[in-house]
Amino acid sequence: MTELITAVEAHDIRFPTSRHLDGSDAMNPEPDYSAAYVIVRTGGGQEGHALAFTVGRGNEIAVTAVESLAPLVTGRPVAEVLGDLGGMSRLLTGDSQLRWLGPEKGVIHMAAGAVLNALWDLRARRAGKPLWRLLSELSPEEIVDVVDFRYLEDALTRQEALAILRDAEPGRAGRRARLLAEGYPAYTTTPGWLGYTDDKLVRLAKEAVADGFGLIKLKVGADPAEDVRRVRLAREAVGPDVRIAVDANQAWNVGQAIERMASLAEFDPYWIEEPTSPDDVLGHAAIRERVAPVKVATGEHAHNRVMFKQFLQAGAIDVLQLDAARVAGVGENIAILLLAARFGVPVCPHAGGVGLCEMVQHLAMFDYVAVSGTVEDRVIEYIDHLHEHFTDPVVIADGRYVAPLGPGGGGEMHPASRAEYAYPHGPRWTADAATVTTGVTTAETGEVA
C-alpha cells in the first residue's frame, strides 16, 4: 500500500520572553518569541517538524496560513513528495489563488517555508541523517533540482550553479571531517538586547569572551547618546581584539544611518545590521559606500531569493544574513547560498529567535561542505534562549557550533513544551490569565504579569 501524507498540522506556540526583555531591540521592544509550529504526519507513523518564527501577536495568522496550504500536501504519496521537494516548493509558492497574497513574500511565504522545512525534516529523518549531512551528500544535479531559477538567471543560471557545486565537490569529505572535529564559528547576541541593564550587558559581554566568542552583537537605534554609551561599555568590557557588530533593526533612514554610524566609529564596529528598511536595496548601497570600512549586513527580513539577488547585484551588502524560516524553506535558501557564492559574499545566518539556531546551523554547515567551501569571515548567530524546548538543541563549545548528529532539521520541540506554551489555552498562558485576574505577583518578574 502506498504511504500517504495524512496531515499537516499547525500549532500556535508562544513564549513570554517580553517579561525579561529578551529579544528587545529598537523596533521590537517587547517581543514574545513565538512559532507557527508545523507537524507533517504520514500513514506510516513518521513525522516532520518545523516552524515559522514570529514575535507574538499575529502568530495566529501564520497558523491560519499554514492551514490554508495543508490541502496541497495531504493525501499525496510520501515518496513522491520527498523525491521532488523542488516541485513541491513550486506547487506551494505557485498556487494561482494563494500566490496573490504574496507573491512569494509575507505570511503566506513564511507558511510555505514552514511546511517545506517540515518536509525536509521528514526526509532527513527517514534517511537517518542530520539535514546538513543529507544535503551535503546530494549530487550537484540533485541540489540544483530543488532550486527555482525563475527570476534568477540574469544573475545565476543552472549551469553556473552546477559549476559552483562541482568545483566544491572534491573537497567535501575533508571539510565534512573538519566540521565534525572543529565545529562552525559562532557569534552571540546574548549580551546586546536593548532592554538589558548596563550591568547585565557588561557581565554577559565578558562571559561571551570567556566562552570563546570572537564577535558579539549589540542592538542600537534608540537614543543616540545611549547607543554611544552602551557600545563604549561593551568595548571596554571585551577589549580591542573582539569584534563588535551593531544592529539597528531597520530603525533609521539612510541619512540617519550614515550619521549614527559616524558617532560609533571610534568603537570600531565590525558591521551595521539592518540600518534601514529591509526592502531598500539602493539605500543599503548608499550606506555601504559612506560607512566603509564598517560592513553592511542584512537579510533576515528579505522576502525571497529575488531580493537577495538585487542586494548582491547592486553591491549593497558585505554580509548576507539568510534566515531558515523567512523564505520558502530549504530549497530557496539553497538558491540564496548559491547566489552568495556566485558574488563572493559571506553568509552569516540570522538566528535570533525560537528554534532558529537549531534550524539554520544545518544550512551554514551544508554551505561550508558543499557550496562555498570556507568558514572565513563566516559566523552563525547564537542566542542563549529557549533551546531546552527542543529535542536536539544546539551545542556550543569554545564559541563554535558543534555539528549535530541526530536525524532531521533541528526544529522539533518537546511535546511537553508544545503543550505548556500553546496559545491561548496552554498551562503557561492560562496561569498568566489567572494571575492578571487575581493581581498575584509572579515569582519570575516580581511584578503583576
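Evaluation of the side chain to side chain contact (heavy atoms under 4.5 Å, CB included) rule for Asp145 yields Arg158 as partners, not counting sequence neighbours.
Because its NZ or CZ atom is not both nearer than 6.0 Å to the ring centre of Tyr184 and within 45° of the ring axis, Arg400 does not count as a cation-pi partner of that residue. Cation-pi geometry between Arg243 and Tyr270 is satisfied (NZ or CZ under 6.0 Å from the ring centre, within 45° of the ring normal).
Distance alone, capped at 3.5 Å, is enough to place a donor-acceptor pair between the Asp227 side chain and the Gly221 backbone. Distance alone, capped at 3.5 Å, places no donor-acceptor pair between the Thr189 side chain and the Gly192 backbone. A distance-only check finds no donor-acceptor pair linking the side chain of Gln310 to the backbone of Phe308 [under 3.5 Å]. A donor-acceptor pair is defined here as one N or O able to donate and one able to accept, closer than 3.5 Å; such a pair exists between the side chain of Asp32 and the backbone of Ser18. Looking only at distances, a side-chain donor or acceptor of Gln256 sits under 3.5 Å from a matching main-chain atom of Asn253. At distances below 3.5 Å, not a single donor-acceptor pair connects side-chain atoms of Asp392 with backbone N or O atoms of Gly410.
When side chains are defined from C-beta on, Val327 does not count as touching Leu322, because their heavy atoms never get closer than 4.5 Å. Proximity of His284 to Pro275: side-chain heavy atoms (C-beta onward) are separated by under 4.5 Å at one or more points. In this structure the side chain of Glu30 never reaches within 4.5 angstrom of the side chain of Thr17, judged on heavy atoms. Taking 4.5 Å as the limit, every side-chain heavy atom of Tyr368 sits out of range of all side-chain heavy atoms of Trp132. Between Ile164 and Leu338 there is a side-chain heavy-atom pair separated by less than 4.5 Å. Counting heavy atoms from C-beta outward, Phe366 and Glu137 have side chains that stay 4.5 Å or more apart. When side chains are defined from C-beta on, Val38 does not count as touching Asn117, because their heavy atoms never get closer than 4.5 Å. Side-chain contact between Pro278 and Gln250 is present, with heavy atoms from C-beta onward closer than 4.5 Å.
Between Val330 and the options Leu116, Leu131, Leu85, a side chain to side chain contact (heavy atoms under 4.5 Å, CB included) holds for only Leu131. For the side-chain hydrogen bond (donor to acceptor under 3.5 Å, both in side chains) test with Glu104, the passing option among His303, Arg305, His109 is Arg305; the others fail.
Within 6.0 Å of CZ in Arg57 there are 12 or fewer heavy atoms belonging to other residues, nucleotides or ligands. The number of heavy atoms from other shown groups lying within 6.0 Å of CZ (Arg290) does not exceed 12.
Counting all heavy atoms, side chain and backbone alike, Leu337 lies closest to Leu363 at CD1-O, 3.8 Å. The nearest pair of heavy atoms linking Leu264 to Pro269 is O-CD, 3.4 Å.
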### Query
Should Val66 and Glu9 be marked as a side-chain contact (heavy atoms from CB on, under 4.5 Å) after you check the CA-CA gap, both sets of side-chain angles, and the distance that decides it?
CA-CA 8 Å; Val66 171; Glu9 299 175 4; over 6 Å; no

### Task
Step by step, work out the salt bridge (charged side-chain N to carboxylate O under 4.0 Å, His left out) result for Glu60 and Arg14.
CA-CA 10 Å; Glu60 71 280 2; Arg14 307 189 194 189; 2.7 Å; yes

### Message
Determine whether Asp318 and Arg288 satisfy the following criterion, salt bridge (charged side-chain N to carboxylate O under 4.0 Å, His left out), listing intermediate values before the conclusion.
### Response
CA-CA 8 Å; Asp318 301 283; Arg288 180 175 181 244; 2.8 Å; yes

### Task
Please step through side-chain hydrogen bond (donor to acceptor under 3.5 Å, both in side chains) for the pair His11 and Tyr423, ending with a clear verdict.
CA-CA 8 Å; His11 303 269; Tyr423 186 86; over 6 Å; no

### Query
Step by step, would you call Glu273 with Lys217 a salt bridge (charged side-chain N to carboxylate O under 4.0 Å, His left out)?
CA-CA 9 Å; Glu273 182 173 331; Lys217 187 169 77 182; 2.8 Å; yes

